[in-house]
Amino acid sequence: MKFNILLLSLLITSISFGQQDSTKQTFLTIVQGSDSLQIPEGTHEITLKTQPFNFTFHTVNTDAVFLNCSFDSTAYTQVLLNQKDRLTCFESSQTFAEDEKNYNLDIAVGKFVDDGYHCLYAYADDEQFVRFDKVYVKNPNDWIGVRTVESIYVKPGVGIASLSTLKGKTIYCVFSPSKEKDGQVLKITFE
């Protein structure tokens, strides 16, 4: 029920943004248990429990969201210092590939940002290319993708790890509406 209320509020918010301009935008809300936290522009740090959570991306004027998660703060710092032209976290030919629909309920987390692992989460008519658990489409230029995280896949060389292993650790996330030299950042510290 709370998720449906969140979804409704996100759709209402999307109406207020309108479609007058073609700027690509991505808005992030994190849902953990019964708590929902919309990440406003300018918020760069949050604290989460080591319990399952959802990334809920609301996208406008784009068909994809780039997401890079790492234990390395390099890309996070570059965005904060407005050095987006130096971002390489979305460029590697070693982009992490996964099955559609997030059957493992995880996210890939690189040990180092230059490990080159990131995911491209796209809305597509062919569900084989959808990396979200669920996609709610208002129209092809205005949709919401939900990614459930119950574990992490640490690259390279570690594999699946429980969220409980993140206690006291930090993950640095960079997400962008299909722009390789752009990004918003979020530092997630786990208590």
Side-chain angles (χ1 to χ4, degrees), residues 10 24-32 37-41 43-46 48 52-80 84 86-124 127-136 143-156 158 160-161 163 166 169-190:
L10 286 171
K24 295 178 181 185
Q25 298 177 322
T26 300
F27 307 97
L28 174 60
T29 299
I30 295 184
V31 179
Q32 188 171 53
L37 177 62
Q38 284 188 304
I39 309 299
E41 191 172 329
T43 297
H44 304 298
E45 298 182 27
I46 64 168
L48 292 178
F53 61 94
N54 292 335
F55 282 122
T56 303
F57 292 99
H58 176 203
T59 67
V60 179
N61 296 320
T62 184
D63 62 355
V65 176
F66 286 118
L67 173 67
N68 175 280
C69 296
S70 174
F71 293 113
D72 179 353
S73 65
T74 302
Y76 174 85
T77 302
Q78 288 170 331
V79 172
L80 288 180
K84 294 180 181 181
R86 296 179 61 195
L87 280 179
T88 59
C89 60
F90 300 135
E91 293 180 355
S92 174
S93 60
Q94 296 181 19
T95 299
F96 181 64
E98 62 180 294
D99 295 330
E100 77 261 17
K101 294 301 217 173
N102 188 26
Y103 294 118
N104 294 326
L105 302 177
D106 64 1
I107 56 169
V109 179
K111 289 182 184 178
F112 306 100
V113 75
D114 290 336
D115 285 341
Y117 296 100
H118 74 275
C119 289
L120 170 63
Y121 300 115
Y123 157 70
E127 290 198 4
Q128 179 179 357
F129 296 103
V130 175
R131 303 301 188 242
F132 292 107
D133 311 357
K134 302 174 190 106
V135 177
Y136 302 94
W143 54 275
I144 295 170
V146 179
R147 178 77 182 197
T148 299
V149 180
E150 292 185 358
S151 61
I152 59 171
Y153 191 91
V154 181
K155 299 289 283 180
V158 175
I160 293 286
L163 289 177
L166 294 175
K169 295 184 180 171
T170 299
I171 293 177
Y172 298 92
C173 301
V174 180
F175 59 97
S176 178
S178 71
K179 298 178 188 176
E180 292 180 346
K181 291 294 184 183
D182 199 0
Q184 298 176 55
V185 293
L186 187 62
K187 174 182 173 182
I188 303 174
T189 302
F190 291 88

Report yes or no: does [X] contribute a side-chain atom to a donor-acceptor pair with the main-chain N or O of [Y] at less than 3.5 Å?
{"X": "Tyr172", "Y": "Thr77", "value": "no"}
{"X": "Lys181", "Y": "Leu87", "value": "yes"}
{"X": "Arg147", "Y": "Lys134", "value": "no"}

Looking at every non-hydrogen atom in both residues, tell me the closest pair between [X] and [Y] and how far apart they are.
{"X": "Cys173", "Y": "Leu67", "answer": "CB-CD1, 4.3 Å"}
{"X": "Val79", "Y": "Gly183", "answer": "CG1-O, 3.3 Å"}
{"X": "Val154", "Y": "Ala161", "answer": "CG2-CB, 4.4 Å"}
{"X": "His44", "Y": "Tyr76", "answer": "O-OH, 3.2 Å"}
{"X": "Pro177", "Y": "Thr26", "answer": "CB-OG1, 3.0 Å"}
{"X": "Lys24", "Y": "Asn61", "answer": "CG-O, 3.2 Å"}

Sequence neighbours excluded, which residues qualify as side-chain hydrogen bond (donor to acceptor under 3.5 Å, both in side chains) partners of [X]?
{"X": "Thr74", "answer": "Asp72"}
{"X": "Thr189", "answer": "Thr170"}
{"X": "Thr59", "answer": "Trp143"}
{"X": "Lys169", "answer": "none"}

About how many Å separate [atom2] of [Y] and [atom1] of [X], when rounded to the nearest 0.5 Å?
{"X": "Arg131", "Y": "Ile107", "atom1": "CZ", "atom2": "CD1", "result": "15.5 Å"}
{"X": "Ile152", "Y": "Cys69", "atom1": "CD1", "atom2": "SG", "result": "9.5 Å"}
{"X": "Leu163", "Y": "Ser151", "atom1": "CG", "atom2": "OG", "result": "6.5 Å"}
{"X": "Lys84", "Y": "Gln78", "atom1": "NZ", "atom2": "CD", "result": "11.5 Å"}
{"X": "Ser176", "Y": "Gln184", "atom1": "OG", "atom2": "CD", "result": "8.0 Å"}
{"X": "Leu28", "Y": "Gln38", "atom1": "CG", "atom2": "CD", "result": "9.5 Å"}

Could you tell me which residues satisfy ring-ring contact (aromatic ring centres under 6.0 Å, His included) with Phe57, sequence neighbours excluded, listed by chain and number?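 With neighbours one apart ignored, the set is Phe55, Phe175.
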Worked check of side chain to side chain contact (heavy atoms under 4.5 Å, CB included) between Val60 and Phe27: CA-CA 9 Å; Val60 179; Phe27 307 97; 4.0 Å; yes
Over 60° means perpendicular and under 30° means parallel, so classify the ring planes of Phe53 and Phe190, tilted if in between.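 Judged by the thresholds at 30° and 60°, the geometry between Phe190 and Phe53 is tilted.
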Using the side chain to side chain contact (heavy atoms under 4.5 Å, CB included) rule, take Tyr136 and Val146 through it: C-alpha gap first, then chi angles, then the decisive distance, then the call. CA-CA 9 Å; Tyr136 302 94; Val146 179; 4.0 Å; yes
List the residues meeting side chain to side chain contact (heavy atoms under 4.5 Å, CB included) with Glu150, not counting sequence neighbours, and say none if there are none.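 Side chain to side chain contact (heavy atoms under 4.5 Å, CB included) list for Glu150, sorted by chain: Pro52, Leu105, Thr148.
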For Leu37, side chain to side chain contact (heavy atoms under 4.5 Å, CB included) partners two or more places apart: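 So Leu37 forms a side chain to side chain contact (heavy atoms under 4.5 Å, CB included) with Ile39, Ile46.
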Between Ile30 and Leu186, is the side chain to side chain contact (heavy atoms under 4.5 Å, CB included) condition met? List the steps. CA-CA 11 Å; Ile30 295 184; Leu186 187 62; 3.7 Å; yes
